[in-house]
Amino acid sequence: MSETTKQVIDLMAILPESEQNFALEFIKKLVLAWDPDFTKVTPLERAEMEQAVKEIESGETVSHEAINWD
């Protein structure tokens, strides 16, 4: 975790809970403005995607010709 991220967490922790929620919603809007295609994934989904990338990089794929599409 970066030092900046730690500072944001520390600053949010001193806010009242109602203001923490406001700050969280504001940060979400910043992220979406920066990357409108941003999508959160679960830890399991992240692991599955990382595994898929490793398989592709190591050639562990099935060609389209090897699949019976009928």
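Numbers here simply count residues along the sequence, with the first being 1.
Taking a 6.0 Å sphere around CD of Glu17, one finds it holds 12 or fewer heavy atoms contributed by other residues, nucleotides or ligands.
For the atom pair Gln7 CD and Thr5 OG1, the distance stands at 9.0 Å (nearest 0.5 Å).
Ion pairing between Glu57 and Lys54 fails under the 4.0 Å rule for side-chain N and carboxylate O.
Both Val62 and Trp69 belong to a single network of hydrophobic side chains, linked directly or stepwise wherever heavy atoms of I, L, V, M, F, W or Y lie under 4.5 Å apart.
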Task: Worked check of side-chain contact (heavy atoms from CB on, under 4.5 Å) between Trp34 and Leu30 - done: CA-CA 6 Å; Trp34 171 72; Leu30 284 174; over 6 Å; no

- [ ] Output, in order, the C-alpha distance, side-chain angles, deciding distance and verdict of side-chain contact (heavy atoms from CB on, under 4.5 Å) for Met12 and Val8.
- [x] CA-CA 6 Å; Met12 285 192 61; Val8 170; 4.3 Å; yes

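For the side-chain contact (heavy atoms from CB on, under 4.5 Å) with Gln20, the lone residue among Ile14, Leu15, Leu11 that qualifies is Leu15.
Scored by the side chain to side chain donor-acceptor pair (under 3.5 Å) test, Gln51 finds Glu55 as partners (sequence neighbours excluded). Listed by chain and number, the residues in a side chain to side chain donor-acceptor pair (under 3.5 Å) with Thr4 amount to none (sequence neighbours excluded).
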